[in-house]
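Below: one structure, written as structure tokens.
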Amino acid sequence: MSYRGRFRVWRGDADGGALADFQVEVNEGEVVLDVLHRLQATQTPDLAVRWNCKAGKCGSCSAEINGRPRLLCMTRMSVFERDEVVTVTPMRSFPVIRDLVTDVSFNYSKAREIPSFTPPPGLAPGEYRMGQVDVERSQEFRKCIECFLCQDTCHVVRDHEENKRSFAGPRFLMRIAELEMHPLDVADRVQAAQDEHGLGLCNITKCCTDVCPEGIHITDNALIPMKERVADRRYDPLVWLGRTISRR
Ligand code: SF4
Ligand code: F3S
Ligand code: FES
């Protein structure tokens with residue numbers, strides 16, 4: 001059975017904007033993205049919304065619904081009361097291009113700062129051997145669809161634009177963890193995570209994990225193990241001795 005749903009949608013661009021009220025038909029089984037498409041088709045043909053797969057796999061349709069970072073295509077209308085006003089706004093941590101579309105290039109520049117997989121020199125393809133436990137560990141991280149909802153929600157950058165320069169964000173600290181835990185990767189990633197990518201700014205609030213549509217345990221399986229490796233290294237007697245001698 002269809003009904004008239006009440007929506008508030010942010011309209012504007014880099015120079016500013018405001019929430020606009022709409023009433024739109026909602027049908028059984030629909031998701032928020034369906035309703036935005038109907039809004040485009042019937043009332044606001046110029047509404048900007050980024051999407052691609054409509055299946056929770058491309059990571060394009062990230063936005064905020066009632067203030068919570070979510071995928072528009074995976075949020076069912078049935079989770080809201082019929083008389084509830086559903087507010088849709090762009091991701092807050094990234095600059096707005098137009099309406100619900102943000103410029104997520106911050107994330108691509110962070111990705112480029114991470115050195116790629118570094119196997120030992122001379123290791124030929126086909127000589128790679130990995131234990132199943134190592135395969136499974138990195139497979140969890142590789143479920144990431146790069147929706148950047150975790151990057152959007154993390155308070156280290158959400159409320160502190162000035163931290164963006166020194167903080168890679170949960171998605172990319174997780175990428176560093178994935179490579180660090182790879183048994184064949186020989187790059188030293190622990191110190192870089194701490195010194196260059198801002199691991200120390202994460203105070204394990206787990207908000208990133210809470211919003212991840214892939215259910216990746218970002219904090220428990222990537223960030224905390226990386227923090228433990230940093231601590232192990234700091235308190236390793238040999239490393240301590242090395243640092244003390246080099247300071248003399
Ligand atoms: Fe999205 Fe999860 Fe990947 Fe973050 S880790 S970008 S929330 S899929
Ligand atoms: Fe941010 Fe996640 Fe750490 S939300 S503070 S990166 S646990
Ligand atoms: Fe692809 Fe939503 S449209 S994840």
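Every number for a ligand or one of its atoms is a count from 1 in the order of the listing. Positions are given from 1, in the same order as the sequence printed here.
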> Relative to the heavy atoms of F148, which atoms of ligand 1 are at a distance of less than 4.0 Å?
Replying inline: 1 (Fe), 6 (S)
> What are the atoms of ligand 3, with element, lying closer than 4.0 Å to any heavy atom of C61?
Replying inline: 2 (Fe), 3 (S), 4 (S)
> Which atoms of ligand 1 have any heavy atom of I218 under 4.0 Å away?
Replying inline: 5 (S)
> Can you list the ligand 1 atoms lying under 4.0 Å from a non-hydrogen atom of P213?
Replying inline: 7 (S)
> Are the ring centres of H182 and F117 closer than 6.0 Å?
Replying inline: yes
>> So if I count the atoms of ligand 1 from 1 in the order they appear, which ones are less than 4.0 Å from some heavy atom of C144?
In response: 3 (Fe), 5 (S), 6 (S), 8 (S)
> What atoms of ligand 1 come closer than 4.0 angstrom to any heavy atom of R171?
Replying inline: 6 (S)
> Would you say C53 has an N, O or S atom lying under 2.8 Å from atom 1 (Fe) of ligand 3?
Replying inline: yes
> Between R50 and S60, is any side-chain donor less than 3.5 angstrom from a side-chain acceptor?
Replying inline: no
>> Could you identify the single nearest non-hydrogen protein atom to atom 3 (S) of ligand 3 and state the distance to 0.1 Å?
In response: K54 N, 3.1 Å
> Is there a side-chain contact between V104 and Y108 (heavy atoms, below 4.5 Å)?
Replying inline: yes
>> Just to verify, which of T102, V9, I97 counts as forming a side chain to side chain contact (heavy atoms under 4.5 Å, CB included) with P90?
In response: T102
> Under a 4.0 Å heavy-atom limit, does L223 contact ligand 2 with its side chain, its backbone, both, or neither?
Replying inline: side chain
> Is C58 close enough to atom 1 (Fe) of ligand 3 to have an N, O or S atom under 2.8 Å?
Replying inline: yes
> Quick one: do L33 and V101 end up in the same hydrophobic cluster if we chain Ile, Leu, Val, Met, Phe, Trp and Tyr together by side-chain heavy atoms under 4.5 Å apart?
Replying inline: no
> Out of curiosity, is V211 lining ligand 1, as in a heavy atom under 4.0 Å away?
Replying inline: no
> If you measure only the distance, is there a donor-acceptor pair under 3.5 Å linking the side chains of Q40 and D46?
Replying inline: no
>> Using a 4.0 Å cutoff against the non-hydrogen atoms of T219, which atoms of ligand 2 qualify?
In response: 7 (S)
> N/O/S atom of C202 under 2.8 Å from atom 3 (Fe) of ligand 2, yes or no?
Replying inline: yes
>> Can you report which non-hydrogen protein atom sits closest to atom 1 (Fe) of ligand 2, along with the distance?
In response: C154 SG, 2.3 Å
> For ligand 3, which atoms, with element, lie under 4.0 Å from some heavy atom of N52?
Replying inline: 3 (S)
> Numbering the atoms of ligand 2 from 1, which are under 4.0 Å from a heavy atom of P170?
Replying inline: 6 (S)
> Quick one: which ligand 2 atoms are inside 4.0 Å of a heavy atom on C207?
Replying inline: 4 (S)
>> Tell me whether E178 is salt-bridged to R189, with the criterion being a basic N under 4.0 Å from an acidic carboxylate O.
In response: no
> M174 heavy atoms, cut-off 4.0 Å: which ligand 1 atoms fall inside?
Replying inline: 5 (S)
>> Within the 4.0 Å heavy-atom shell around N203, which atoms of ligand 2 are there?
In response: 5 (S)
> Would F7 and F80 count as a close aromatic pair, with their ring centres under 6.0 Å?
Replying inline: no
> Among all protein non-hydrogen atoms, which one is nearest to atom 7 (S) of ligand 2, and what is the separation to 0.1 Å?
Replying inline: K206 N, 3.3 Å
> Can you tell me the protein heavy atom closest to atom 4 (S) of ligand 2 and the distance?
Replying inline: C208 N, 3.3 Å
>> If you compare all heavy atoms of C147 against all heavy atoms of S62, which two are closest, and at what distance to 0.1 Å?
In response: O-OG, 2.8 Å
>> Heavy-atom distances under 4.0 Å decide this one: backbone, side chain, both or neither, for E146 against ligand 1?
In response: backbone
>> What I want to check is whether the side chains of N221 and E140 have a donor and an acceptor closer together than 3.5 Å.
In response: yes
>> I need the contact type for K57 against ligand 3. Using non-hydrogen atoms and a strict under-4.0 Å cut-off, is it side chain, backbone, both or neither?
In response: backbone
> So which bit of T205 gets within less than 4.0 Å of ligand 2, heavy atoms only: side chain, backbone, both or neither?
Replying inline: both
>> Between E25 and N27, do the side chains contain a donor N or O and an acceptor N or O under 3.5 Å apart?
In response: yes
